[in-house]
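Below is one structure, written out as structure tokens; comments come after it.
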Amino acid sequence: MTAAVPAQACLPTHAYVDCQAGTDGKGTEASPYNTLADVNRLALMAGDSIDFERGTTCRGTLTPSGSGDASQPVQIGAYGPGTAAPVIDGTGAAASVKLANQQNLSVTGLDLSGGTDGVQVTASDFGPMNGITLRGLDIHNVTDGITLQAAGTASPSSLDNVRIAGNTLTGIGGDAITMSSNWCRRPDVAPDWHPSCAGAWAPARGLRVTGNILAGIGGNGIAVATTQGATVSQNWLEGFGGTGLSVSDSAGATISGNQVAGGRPSPSGVGYRVGAATDHLSFQGNLSDNNAGGFMVFQSAPQAPIGPVSVLGNMSVDDHGKALEFSGGPVSDGNIAGNTVYIGAGIAQEVADSTTDSPLDVQFAGNIVTAAPGAGTVGWNLPNPGWVVRDNLLHDVPAPAGARETDKGAPGFAAPGGVDPFGYRLLAGSAALGSGVPVPAAAGFPLSLAPVPANAPNIGAVQAAAGPGVVLSDTFDAGRAGAAPADWTVSGPVLVTADPASFSGRSLALSGVAAAERSFGATGGDVRVDVRLFAAQADKPLSVSVLDTHGNQVLAVGLGAAGRVTYTDDGAVRDSSFGYPVAAWTDLSLLLRLSTGKYTLTADGLPVASGKLTAGSGIPGKIAVASTSAGAMFDADDVMVSPACCPC
């Protein structure tokens, strides 16, 4: 008799794809597939993976089949030498990547374009669908970027534990990132409110949208609806036509540490929106600047209230229109506390406007609102009796009727006028120091490293003790347009011009081969350097050098010819992994630790690199900006140098 052959466990599939290979292979690294059809036919299981050759292009839609499990998700990514991402060109299809009724699947490191959607994820009559991760994707030139929808009419469905992190979305004609659901009727909060939903509320649980860069968005930036316990944090959005970041029909969301800028006036251009049937929302430490539609709108429905909601420790800089707007329906237990609103020259603003006749229960307390010299008309429209305005610092701003305990003193900001929150920390003598009202926040606001004092917080968003003054701050707004900048030594075409992103104020433009240098007072200790950079192209370099008092390079960062932020490590120039957007501002921040000979670099609020200061260099004393290529066009703005302080 022949012995039985023992059963063998299924081995994970690892498929390789090179769509530029001359012949269609077997899916191994030595013999890769060369069409999307090959991988779309695979039945994927836990532990399987699909990798695309870097620098190659596949045309069509990636529609993989099958799911992983929580411990062994299906992985879709890249392989091979170099840094160029594999491209999936949707060539007019509905999406470049399409996932439907699949779980525990990760898509990372791809370049997606050419489809109507970059990525389309759907759960339809599936029930809870778990564990989709979209990370490190470059999505561009599509109608909508990432769309997630719980669909169907028969079985309540949701998209749970979705992670959308570290993606770049540019040139999006419609909306960048959206989460929506057919299962959105909330019997607990809005029993009489019936939008066009298939059935009762089945929220997406555990959504995380973090560290994404969005620029040049035609519609909305990030819009999440029908969620429970969602986190939207550390995202950077510049230039959009709809609403920058919105949450609606949701419970227990945390929106923190985001920057939303450059909302265009049509059709909305408002930075942040809280929509109907949203409760227990925590909105902390966000930045809004230069939004034509204002800072934040509360847009409930008469039968779908908002609240409780906490708006704590945020900053609004140079927003137009209405900083806060309440329309549609009721808001209960609204706490707007410890925020900073700066209204720059030439900007008119209604600080708060409540047009709704529905009941409101809103406290506006412990906030700084200040208007710069030359600001336009600033006022309030609060006919609704549900407002309490108290204990605010209103500098060169009228107080609304009924306001209590208003302080008219100067806020004493370190370097106001730019968009960097660090410029709005408080100096000694500020009327805001220690004179705020207690707010329900145990930890520090994300815009401040210091914890909120329990009994004597500061007024406004920054809760640190008085910090040191700056040794250099230049927003170029006082410069004459078309002239060389004052106090800078320049060579080549270097002129003060209008902000290239159509923001308020001016910036420093460098064209072709050009350079500008300025000295600052040596600090002798740890140093913080901040600067914003704007590139009209991604294939030419711009450098920002910190020099010592003798002109030797301490370090250099910048925008590289390969489309990435660059930095030096002991004098050697290196590319970081951070790809900067074209025709949008990139904010760079440096922290120099002279005692250790090292520094760290962040870009758009995200950690990018750390490097060594150039060996033999001395105490920083100059900053230089240089463009070295003919035909290049760059701008620099909000240059700030100060002694480092922590917390501050």
Side-chain angles (χ1 to χ4, degrees), residues 215-217 221 236-241 243-244 258-266 268-272 286-297 314-325 339-351 368-379 395-397 411 413-424 461 473-483 485-486 495-509 530-534 536 581 583-587 604 634-640:
I217 309 301
W236 208 270
L237 168 59
E238 181 180 317
F240 57 95
T243 299
N258 303 282
Q259 175 169 314
V260 172
R264 296 183 291 275
S266 178
S268 172
V270 67
Y272 300 90
N286 301 282
L287 176 64
S288 173
D289 71 85
N290 285 276
N291 290 308
F295 166 39
M296 193 172 194
V297 59
N314 306 281
M315 285 188 184
S316 167
V317 177
D318 289 345
D319 285 326
H320 297 247
K322 302 168 183 177
L324 298 166
E325 180 180 1
N339 304 281
T340 294
V341 177
Y342 180 87
I343 305 167
I347 295 176
Q349 186 184 99
E350 202 144 65
V351 179
I368 293 176
V369 184
T370 182
T377 302
V378 179
H395 181 248
D396 287 338
V397 171
F413 296 134
V419 302
D420 190 336
F422 199 68
Y424 294 87
S473 176
D474 201 339
T475 64
F476 304 102
D477 292 348
R480 183 165 59 88
L495 301 172
V496 176
T497 64
D499 188 294
S502 299
F503 291 179
S504 59
R506 294 171 176 163
S507 61
L508 186 66
D530 297 270
V531 62
R532 293 199 301 154
L533 303 177
F534 184 101
W585 287 104
T586 297
D587 294 12
D604 289 350
F634 293 101
D635 281 75
D637 202 357
D638 293 356
V639 180
M640 184 166 59

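Under the 4.5 Å side-chain criterion, counting only non-hydrogen atoms from C-beta, V369 is in contact with I343. Contact annotation: the side chain of N258 approaches that of Y272 to within less than 4.5 Å [non-hydrogen atoms, C-beta and beyond]. Looking only at side-chain heavy atoms (C-beta outward), Q349 and D319 come within less than 4.5 Å of each other. By the 4.5 Å heavy-atom criterion applied to side chains, P421 and L287 are counted as neighbours. Taking the side chain as every heavy atom from C-beta outward, F240 and S268 never approach each other to under 4.5 Å. Side-chain atoms of F476 and T497, non-hydrogen and from C-beta on, never get closer than 4.5 Å to each other. The shortest distance between side-chain heavy atoms of V397 and V341 does not fall below 4.5 Å. Side-chain contact between F634 and L533: absent, with no pair of heavy atoms (C-beta onward) separated by less than 4.5 Å.
Under the 3.5 Å distance criterion, the side-chain polar atoms of D289 are left unmatched by any main-chain donor or acceptor of A261. Side-chain N or O atoms of D604 include one that pairs as donor or acceptor with a backbone N or O of D587 at under 3.5 Å.
Closest approach of P373 to A345, counting heavy atoms only: O-CB, 3.5 Å. When every heavy atom of A371 is checked against every heavy atom of V378, the shortest pair comes out as CB-CG2, 4.3 Å. For the pair S288 and F295, the tightest heavy-atom approach, listed with the atom from each and the gap, is CB-CD1, 3.4 Å. What you find for A461 and N314 is that their closest heavy atoms are CB-O, 3.6 Å. Heavy-atom minimum distance, T475 versus G418: CG2-N, 3.9 Å. Of all non-hydrogen atoms in A636 and S507, the two that sit nearest each other are O-CB, 3.5 Å.
Legend: residues meeting ring-ring contact (aromatic ring centres under 6.0 Å, His included) with Y424, ordered by chain and number and at least two apart, are Y342, F413. Scored by the salt bridge (charged side-chain N to carboxylate O under 4.0 Å, His left out) test, D638 finds R532 as partners (sequence neighbours excluded).
Using a 3.5 Å distance cut-off with no hydrogens or angles, the side chains of D318 and N290 do not pair a donor with an acceptor.
Once rounded to the nearest 0.5 Å, the distance linking CD of E238 with CD of Q259 reads 8.0 Å. Here the OG atom belonging to S502 is positioned 9.5 Å from the CZ atom belonging to R264, to the nearest 0.5 angstrom. How far OG1 of T243 is from CD1 of I217: 13.0 Å, rounded to the nearest 0.5 Å. Between atom CG of residue D499 and atom CZ of residue R506 there is a gap of 11.5 Å, rounded to the nearest 0.5 Å.
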